[in-house]
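First the structure, in the form of structure tokens, and then the observations on it.
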Amino acid sequence: MNVLHFVNAFFGDGSHWHGYDGIPARLAEHLRYSLIALALAAAIGLPVGLLTGHYGRGGNTLALIATAGRALPSFGLLVLMFILLGFGLVPVMIPLVVLAVPPILVTTYEAVRSVDPAPVDAARGMGMAESRVLFRVELPVALPLILSGLRSAAIQIVSTATIAAYVSLGGLGRYIVDGLYQRDYEKVVGGATLVAVLALATLALFWAVARWAVSPGVRRSG
Amino acid sequence: MIRIDSVTKRYPDGTVAVDRLSLEIPDRSITVLVGPSGCGKTTTLRMINRMVEPTEGAILLDGADVRQQPVNTLRRSMGYVIQNAGLFQHRTILDNIATVPRLLGWDKRRARARAAELMERVGLDSALAKRYPYQLSGGQQQRVGVARALAADPPVLLMDEPFSAVDPVVRKGLQDELLRIQGELGKTIVFVTHDIDEAIKLGTMVAVLRTGGRLAQYAPPAELLSAPADPFVEDFLGADRGIRRLSFFTSAGLELTSEPVVDVDATAEQIAAAAAAGTPYLLVTDRDGRPLGWSEPGELTAGAVDPDRLLSPGRPFEQGRDSLRAALDGAVLSPTGWAVAVDGTGKVSGVVSQAAVGEAIRAAHAEDRTDAKVAG
């Protein structure tokens, strides 16, 4: 009995491909949790990171928040939120967002701060408004690093979103949690494989986004 | 005209970068601010487009305080060139140059057409238009920086040590290019440098600033070299200001002699005639009259001149176009102590001895002093 055998058996079983506990449904749930969490984390991390990076202030505070965020165990936070807030999506989203904000925030701040100051000075000297300096000069150059922060946040979310299953929600974690409970290792390995594949797909997606969004002038000189 | 009126810049920690500086910057000329680091030259420049705000005093542009118009309107009306060019690495060369026209609301087509025009103006190959800055050399990037500053045809150009990060050969090319462009466009240029040679070469007027942001002297370069205001300026000009000043005297008045010049096919009689002039060396030219080298008359045999055995002719100067400095340099470099003068086509028009160049220098100085007295 090896892992590949489990994988084969899990994916070969036609009953795993439909119904509310089928792979497409669980995958869709998992994606939904991940996307919501990433969107929330980006909505917090990106603006704060861009602004602090642009004005070059608040770096120490950011580092502190980021360390604190990383030190919080996601699972512990989930249990705490579940106790405080009961069933629902919110107690799951909180640990995922807490997990994802630090990499987004810190890399965005560093990315904007490390932009060569000469073009920024030139842009101001030519009469560009501050917002334009940030979005037209700093952001395009900082983009590769910002995307790498989003990418690591996304991968952490995809793998950690499995904990939703512990509080009776769906997602790919369902297979792992149920499989362990039922001692159905085929299910556990199948679920874990799906999470790994999804993480790799996330990597590929970010690679493609970077190819499309980052200017060739930045890609090759950076 | 830009008038800097008793401007002081004091930072919150008490450092004074610029101290009650007053300057009148004439239109359509290059005014150079030069001085050691910490003399406030860059701060002064940056106060003109309000990248730095003065603590006291005012800067007037055509009589109006620069603080009267919105800051970005002011900046868009002044070209700005900085060290290392500061190009936008994510934009193509063409779009870099089109930046200010785009800010002014021109449509993309018109801005790009204008940018292409500017590329030609600053001597950039149009094949570079679609490239990115990292694909260009430092000198090319700086040309793009100048083109970008000129794109919206601003009357004023502010240049902050634009050529100090490139190697000397490229720098000389960029300086010549700037003078050529200035000859065509006639902008009001304020140019900051720490290099006094660059200041003397480019400046119509040169303001020497001393540490602490005080003006040491404000004068045309020739006057700076002939009459430094104080020991600081004299020291800053360096040891060879006498030689450098010769750049401002024309070589047109030098009396050349063509007696000791023979061509490579000269007959024995011609060589003997040239030797009879009494000069210790004869200059041999090729059949087109271009200098080949010097030889002692006794070493030359008619019909069998070996160009490889001649002494180098040194660096010839073009009479009328080059200065007395070039003539003196030619004489000093020549192994025989004689400088070779050529015309516009490179043909030898005569030779002149070190002594004769020295005589011309004394005469030029004397004339300069009389002029100064008359003017005074």
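Reckoned from all heavy atoms, side chains included, excluding hydrogens, waters and symmetry mates. Lettering of chains follows the sequences in order, A, B, ..., and the numbering in each one begins at 1.
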Proximity breakdown for B/Arg50 and chain A, heavy-atom pairs closer than 4.5 Å: neither

Salt bridge flag under 4.0 Å for residues B/Arg180 and B/Glu184: yes

NZ/NE/NH1/NH2 to OD/OE distance under 4.0 Å, B/Lys130 and B/Asp95: no

Structural part of B/Leu87 lying under 4.5 Å from a heavy atom of chain A: backbone

Proximal component of B/Asn84, with respect to chain A [non-hydrogen, under 4.5 Å]: neither

A/Asn60 atom CG, over 12 foreign heavy atoms within 6.0 Å: no

Minimal non-hydrogen separation, B/Arg171 against B/Val166, with atom names: NH2-O, 3.1 Å

Residue selection (most heavy-atom pairs with chain B, distance under 4.5 Å) from A/Pro119, A/Ala122, A/Ala118: A/Pro119

side-chain hydrogen bond (donor to acceptor under 3.5 Å, both in side chains) partners for B/Gln141, two or more places apart: none

Segment of A/Arg132 engaging chain B (4.5 angstrom heavy-atom cut-off): side chain

